[in-house]
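Written out below as structure tokens is the structure these notes cover.
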Amino acid sequence: MAGKVLMRGTHVLGEAAIRAGCRAYFGYPITPQNELPEYMAAAFAKMEGAVFLQAESELASINMVMGASIAGARVMTSSSSPGISLKQEGISYLAAMELPAVIVNMMRGGPGLGNIAPSQGDYFQATKGGGHGDYRVIVLAPAYGQEIADMTRAAFDMADKYRTPVMILGDGMMGQMMEPVVFPEPLDPASFPKKDFVLDGCQGRPSRIVRSLWLDTNLEEELNWRLVRKYEIITEEIPDEEIYLADDAEVIVVAYGTAARIAKGGVHRAREAGQKIGLFRPKTLWPFPYEPLKRLSRKIRHMVVFEMSTGQMVEDVRLAVEGRCDVSFYGRPGGVVATPEEIARVLSGVYRRLDHGRGAAAESGHTFRSVGSA
Amino acid sequence: MKGRIVIDMERCKGCGLCIIVCPKKQIEISDQLNKKGYYPASFKEESEQDLEKVKCTGCALCAITCPDVSIEVYRQDKDDEKDESEED
Amino acid sequence: MPFPYRTGFTQFLRGASKVKKVFTRPMSLKDTPFHYCPGCGHSIIHRLVAEVIDELGIREKTIGVPPAGCAVLAYNYFDVDMAEAPHGRAAAVATGIKRVLPDKLVFTYQGDGDIAAIGTAETIHAANRGERITAVFVNNAVYGMTGGQMAPTTITGQVTTTSPGGRVPLRDGYPLDLSEMLGIAAGSVYIERTSVTTPKGIMKTRKALKKAFMVQMEDKGFALVEILSPCPTNWKMSPAQAVRWVDEVMTKTFPLKVIKDVA
Ligand SMILES: Cc1ncc(C[n+]2csc(CCOP(=O)(O)OP(=O)(O)O)c2C)c(N)n1
Ligand code: SF4
Ligand code: SF4
Ligand code: SF4
Ligand SMILES: [Mg+2]
């Protein structure tokens with residue numbers, strides 16, 4: 001598989017995981033991500049010692065992930081929104097036990113059973129700690145096939161480096177999209193350094209414990225602060241973003257993942273019409289790239305946050321901007337996929353109103369509820 | 001066959017289960033509290049020095065039953081008894 | 001040799017030549033005193049599991065998975081690698097470990113609430129997959145850790161803090177025969193129900209545990225030992241009353257027997 005290959009997103013993710021040395025996968029079917037477990041099943045069937053197991057539920061599969069991680073494997077699970085809700089129990093434990101694991105969420109319309117169309121309604125759940133307790137999960141948001149490959153490799157490396165669960169947040173559209181990709185060289189799991197927390201029988205060493213119960217409140221507090229110190233390091237080291245056509249921009253659209261691709265199309269159209277509009281695309285959702293967005297907010301007049309939800313990331317954008325420019329929101333929840341033309345219309349509308357000076361503040365903080373209201 | 005038990009009275013929680021199972025009725029509850037606040041079991045033949053008089057057989061039923069692994073059991077043979085299982 | 005005998009040379013009595021230690025702590029138990037209540041079955045079962053690990057010589061290749069329940073701190077006692085599972089998920093965690101390390105021995109240690117209520121699905125499916133793990137199922141007919149609430153195995157009429165007038169099947173459901181259910185699963189190989197109320201029952205439990213580990217060592221499939229275990233505290237009984245209650249009452253609902261043996 002040298003050079004460029006054309007593959008759909010879910011398969012790219014699977015292949016990149018295997019090349020990252022992932023040798024254990026546990027999951028439960030849910031649309032729209034089934035091609036990923038199917039890819040893993042087929043690939044692992046041919047690989048000595050690799051473990052693929054279709055579990056009886058997402059609850060079971062995340063706990064199997066926990067077991068495999070405890071046993072030292074690079075391990076992955078994947079699901080879509082309702083299934084990720086069930087995995088939250090295990091994710092909280094993984095964070096508490098400081099166990100590496102990679103979790104893929106190909107988001108679909110919600111809440112409830114919702115639908116199987118691409119959506120971004122799980123931003124809060126992913127970035128604000130969807131399970132119980134004081135913890136964070138690294139959240140990577142690819143937008144392109146190549147990025148899926150690169151971020152999957154990075155996800156496994158980060159999970160091991162920081163001993164923490166890492167989530168790859170995509171959606172069904174991204175999973176289906178066929179794109180050319182160049183894969184990194186495969187890693188040999190046998191070459192990985194031995195992890196010092198692994199339980200593999202206490203031969204020649206004292207017995208070990210992996211736990212998350214700390215009845216002594218001082219010890220639990222200590223764990224909490226230790227996690228915070230780790231999260232501070234992560235926040236320093238990994239935030240990443242794409243800033244596009246922002247140098248002369250007066251309006252910036254902020255979007256991630258599939259929404260960012262659509263928004264980029266909108267930016268191109270607006271540029272063709274001579275409007276100075278750019279794009280800010282967080283590639284890490286947690287930690288969120290607050291600093292670069294903050295810097296950008298000093299130079300521009302208005303930010304439009306576009307999400308395939310009713311407005312979740314917009315809260316982080318407001319935190320970054322702290323009132324330095326206007327922020328409005330445009331959302332298409334429920335699995336509706338906006339078109340680049342639609343985004344261009346929204347952006348152009350905001351841009352035109354800028355000409356009336358800052359008096360257009362009436363639009364600040366406005367949530368456009370439908371195409372018409374833009 | 002004669003036996004002798006050693007009860008770790010600080011580990012013992014005074015549950016009394018060993019007393020129920022001892023076929024020779026050689027265990028009783030002590031009237032001294034231990035550090036955990038339990039009245040622990042004690043071995044009646046603790047200070048018995050005469051092998052002939054010892055009733056404990058070293059059957060270990062008490063130890064097998066003790067939830068808190070507080071009892072160690074020794075079995076001792078008289079000089080003239082032959083023990084087939086050799087010691088280390 | 002039924003026990004991992006260690007021998008001593010202490011002269012205890014005049015006229016005694018050979019003094020042999022015939023009962024002592026198993027090596028696979030740390031020296032830490034148990035936190036369990038007086039007369040609690042968990043303590044006995046811990047010791048038995050440790051004795052079996054000693055006897056089979058598998059301490060350095062065994063990984064234990066304790067539950068949420070009174071036995072959550074089991075890792076403080078077993079001197080083997082231990083991974084604490086979320087409530088009910090021990091079978092899934094054990095599956096993950098065993099699949100990655102098929103040459104190691106993995107056991108779960110679970111209460112009735114853990115294995116037969118919140119973890120029913122994980123348990124049945126692990127059994128049905130013939131997962132090569134050994135499950136130690138401690139049935140004390142209540143939720144011990146949380147203060148004696150009704151459990152899936154609470155027997156009909158039994159008073160608990162959440163069935164104050166006694167369990168009424170048409171309101172609270174019937175006591176669940178999880179072990180029998182697991183026996184139906186094609187992947188289960190050996191399932192036995194024992195108790196730890198008498199020396200005989202304790203020795204039988206030990207034998208059953210040994211077999212359940214050997215089934216795994218021989219790579220045959222899922223093995224489980226359900227152990228009826230006194231909880232004097234939540235049953236509001238003395239330890240002596242509690243063992244009698246198991247023998248006289250609880251065994252009527254949960255008869256002691258080999259439920260399945262195709263090993
Ligand atoms: C998800 C979740 N729900 C509830 C609890 C609280 N909880 C801890 S142990 C337990 C039940 C313990 O009963 P059992 O499994 O029978 O074990 P025992 O204490 O009786 O040995 C419960 C409900 C929990 N820890 N996690
Ligand atoms: S070893 Fe047997 S006889 Fe001796 S005290 Fe224990 S139970 Fe009684
Ligand atoms: S059985 Fe053990 S804990 Fe209970 S009274 Fe006897 S020695 Fe003490
Ligand atoms: S509450 Fe019951 S099960 Fe828990 S330690 Fe006490 S006696 Fe044992
Ligand atoms: Mg219980």
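Given the structure is predicted, the values throughout are model-derived calculations rather than measurements. Order of the sequence lines fixes the chain letters, A, B, ..., with proteins taken first and strands second; residue numbering starts at 1 for each chain.
In Asp134(A), the CG atom is not crowded: 12 or fewer heavy atoms of neighbouring residues, nucleotides or ligands sit closer than 6.0 Å. Within 6.0 Å of OH in Tyr28(A) there are 12 or fewer heavy atoms belonging to other residues, nucleotides or ligands. Atom NZ of Lys195(A) is surrounded by more than 12 heavy atoms from other residues, nucleotides or ligands within 6.0 Å. The number of heavy atoms from other shown groups lying within 6.0 Å of CG (Leu86(A)) is above 12.
When each of Val51(A), Val65(A), Ile209(A), Leu215(A) is checked for heavy-atom pairs under 4.5 Å with chain C, Ile209(A) comes out on top. The candidate with the highest count of non-hydrogen atom pairs below 4.5 Å against chain A, out of Arg59(C), Lys30(C), Arg89(C), is Arg89(C). Here Ala83(C) is the residue among Ala83(C), Ala68(C), Pro66(C) with the most heavy-atom pairs under 4.5 Å with chain A. With chain C as partner, the option from Ala68(A), Pro206(A), Ala55(A) having the largest number of non-hydrogen pairs under 4.5 angstrom is Ala68(A). Counting heavy-atom pairs closer than 4.5 Å to chain A, the top residue among Val93(C), Ile58(C), Val100(C), Asn76(C) is Val93(C). Between chain A and the residues Leu105(C), Asp103(C), Ile63(C), the largest count of heavy-atom pairs under 4.5 Å involves Ile63(C).
With a 4.5 angstrom heavy-atom cutoff, Lys98(C) does not touch chain A via any of its atoms. Only the side chain of Ile70(A) has a heavy atom closer than 4.5 Å to any heavy atom of chain C. Heavy atoms of Leu53(A) lying under 4.5 Å from chain C belong exclusively to its side chain. Proximity to chain C is absent for every atom of Arg23(A), based on heavy atoms less than 4.5 angstrom apart. Heavy atoms of Leu73(C) lying under 4.5 Å from chain A belong exclusively to its side chain. For Lys61(C), the part sitting under 4.5 Å from any heavy atom of chain A is the backbone (N, CA, C, O) and nothing else.
Here CZ of Arg99(C) is found 14.5 Å from OH of Tyr25(A). Values are rounded to the nearest 0.5 Å.
Shown here for Glu56(A) and Arg129(C), the closest heavy-atom pair between the two residues is OE1-NH1, 3.0 Å. Contact between Tyr75(C) and Arg211(A) at its shortest, heavy atoms only, is OH-NE, 3.2 Å. Minimum interatomic distance between Leu101(C) and Leu199(A) (heavy atoms only, all atoms of both residues): CD1-O, 3.4 Å. Scanning all heavy atoms of the two residues, the minimum distance from Ala92(C) to Ala60(A) falls at CB-O, 3.5 Å. Across every non-hydrogen atom of Cys202(A) and Val80(C), the tightest pair is SG-CA, 4.3 Å.
Glu84(C) places a side-chain N or O within donor-acceptor distance of the main-chain N or O of Leu213(A), the cut-off being under 3.5 Å.
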